[in-house]
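For reference, the structure is listed below as structure tokens.
Since we're looking at a predicted model, the values are computed, not measured.
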Amino acid sequence: MGVFVFLPLVLPLTAWPVARLAEQHLHPRTATRLLTAMAAVLALCSTVCLGLVMVVGTAQLPGNPLPDGWSDPEVRAAVPYDEVVGKAAIPALCAVVVACARTLWRHARVRRQAHRALSGLPDTEVAVLPDVVPYAYALPGGRRGGGAPRGGRQGGGVLGGGRPSGGARRSGRPGGGVPPGGTQHGRRSGGGALPGGRLVGALRGSAGRPVRRRRGGRVVVTTALLDRLRPAERRALFAHERAHLAARHDRFLLAVQLAARANPFLRPLRTAVAYTAERWADEEAARAIGSRRTVARAIGTAALVSRGTPAPTLAGLAAPGPVPRRVAALLGPPPAVRNWPSVFTSVGLAAWGAAAGTAASAMSSANSAVTMVLILHAATPL
């Protein structure tokens, strides 16, 4: 195996340039899919690498359950620096497994809390909750369209730009859901300021048809946020969250979250996918309602009225950041749709470099795995 077994641990660095350039130069749909695929492959390869090195490290521990032949000096010599790296890989892999398991557990717990929070509401595609705190989120599918409750990132998040919109940080409870049919603060918002036709109009689709319950997904919004949006902006909000549901953005976000847990070098890809998924929903909303400027206004309004978010997020509205970049993109022309960037551009070179790094990581981990199997098979007594 040699030093090639360690390459998958550092090859995620080759994806850093494309993580930044894809946000600016690729269509959000293409960027989201490309970055997620790269992150998943690179994370899997680095985890396999840790597992292979851990086998050698485990073989050196006294009382291990492995065959005696696996701790033979000739076997340990097949992996360089086995005495140090082999043992260090044991806690490293355990940390990866624990971090990924915790992420999956929290994801499942958040979905269960969302089911309970909306269990008392009508089974419609759009659930309007009376609450004094403005927020909105897309609830991905499940037993009853489960997903992230207030403030959860699974499923695309709030319209206001990749930020938690209420929930855990506001209520002080992890993944805090909203009680069925009531408010988190025990009172109605604004006296129910969306009566009759205004609420019906807000809940109609872009073509004027009543909203129907789709298979597996719901859009959850509070009256406090609807009060602060104009009718056209409400349609933009619903179109944005429906785009999250239709494209299953919660899966992309969960995949890159797990990848970043498996290898910290993949965190830039997680940040990039969180942004491009929102941009993807922005473009779908603009296409659905036919006005890019209206979607931009809705994003800006939702970002301004959402309270309780971290101070840097609100301060970023006047400086380069996710929200102003999204608004600026919507005020410009639609992005060009292409499956792969040209090699003669900066993003094309970065994409091909990242693809080469991903392919090298896959081949290195596969070669190391085959070599390890052959060595240990030869060392195992019959």
Side-chain angles (χ1 to χ4, degrees), residues 3-53 89 92-93 95-97 99-100 103-104 153-154 156 162 247-280 320-322 325-326 329 335-369:
V3 297
F4 292 102
V5 71
F6 303 115
L7 284 181
L9 295 177
V10 296
L11 282 176
L13 294 174
T14 61
W16 282 15
V18 74
R20 181 61 177 174
L21 293 173
E23 298 179 7
Q24 305 171 354
H25 302 287
L26 291 182
H27 191 279
R29 178 176 61 250
T30 302
T32 301
R33 292 172 174 172
L34 174 65
L35 296 179
T36 302
M38 288 182 175
V41 174
L42 290 170
L44 178 62
C45 293
S46 65
T47 304
V48 170
C49 165
L50 281 178
L52 295 176
V53 179
L93 185 61
V96 168
V97 172
C100 291
T103 298
L104 290 172
R153 285 298 304 147
Q154 295 87 349
R248 294 308 306 267
H249 289 164
D250 59 301
R251 296 181 178 179
F252 294 100
L253 295 173
L254 180 60
V256 294
Q257 187 76 11
L258 292 173
R261 294 286 187 267
N263 192 322
F265 288 149
L266 293 172
R267 289 179 180 177
L269 275 71
R270 177 187 61 183
T271 303
V273 170
Y275 170 75
T276 58
E278 294 293 338
R279 282 283 300 119
W280 183 354
R325 283 164 54 199
R326 289 170 58 195
V337 179
R338 57 173 65 95
N339 294 329
W340 192 262
S342 173
V343 71
F344 301 105
T345 61
S346 58
V347 66
L349 291 174
W352 280 108
T358 304
S361 180
M363 290 187 294
S364 178
S365 59
N367 177 73
S368 300

Passing candidate, side-chain contact (heavy atoms from CB on, under 4.5 Å) with T276, options E23, H27, R33
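Exactly one candidate clears the test, E23.
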Can you give me the closest heavy-atom contact between [X] and [Y], atom names plus distance?
X	Y	result
A19	L269	CB-CD1, 3.9 Å
S46	A262	OG-O, 4.4 Å
V96	R261	CG2-O, 4.2 Å
R29	V337	NH2-CG1, 3.4 Å
F265	P12	CB-CB, 3.8 Å
L21	A350	CD1-CB, 3.7 Å

Do [X] and [Y] come within less than 4.5 Å of each other through their side chains, counting heavy atoms only?
X	Y	result
S368	C49	no
L26	L34	yes
T47	V97	no
L35	V18	yes
E278	R325	no

Using side chain to side chain contact (heavy atoms under 4.5 Å, CB included), reason through L42 and L266 one step at a time and then give a plain yes or no.
CA-CA 8 Å; L42 290 170; L266 293 172; 3.9 Å; yes
Has the side chain of [X] got a donor or acceptor atom that lies under 3.5 Å from a matching backbone atom of [Y]?
X	Y	result
S361	G357	no
T36	T32	yes
T345	G348	yes

For a side chain to side chain contact (heavy atoms under 4.5 Å, CB included) check, start with the C-alpha distance between L50 and L9, then their side-chain angles and the critical distance, and finish with the verdict.
CA-CA 8 Å; L50 281 178; L9 295 177; 4.1 Å; yes
Could you tell me how the ring of H249 sits relative to the ring of W280: parallel (under 30°), tilted (30 to 60°) or perpendicular (over 60°)?
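Because their plane-to-plane angle lies in the 30° to 60° range, the rings of H249 and W280 count as tilted.
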Take L258 and T103 through the test side chain to side chain contact (heavy atoms under 4.5 Å, CB included) and record every step on the way to the result.
CA-CA 7 Å; L258 292 173; T103 298; 3.9 Å; yes
Quick one: pull up CZ in R326 and CZ in R279 and give me the separation to the nearest 0.5 Å.
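The CZ atom of R326 sits 8.0 Å away from the CZ atom of R279.
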Within this structure, what is the CG-OG distance for the pair L11 and S364, rounded to the nearest 0.5 Å?
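One finds 7.0 Å between CG of L11 and OG of S364.
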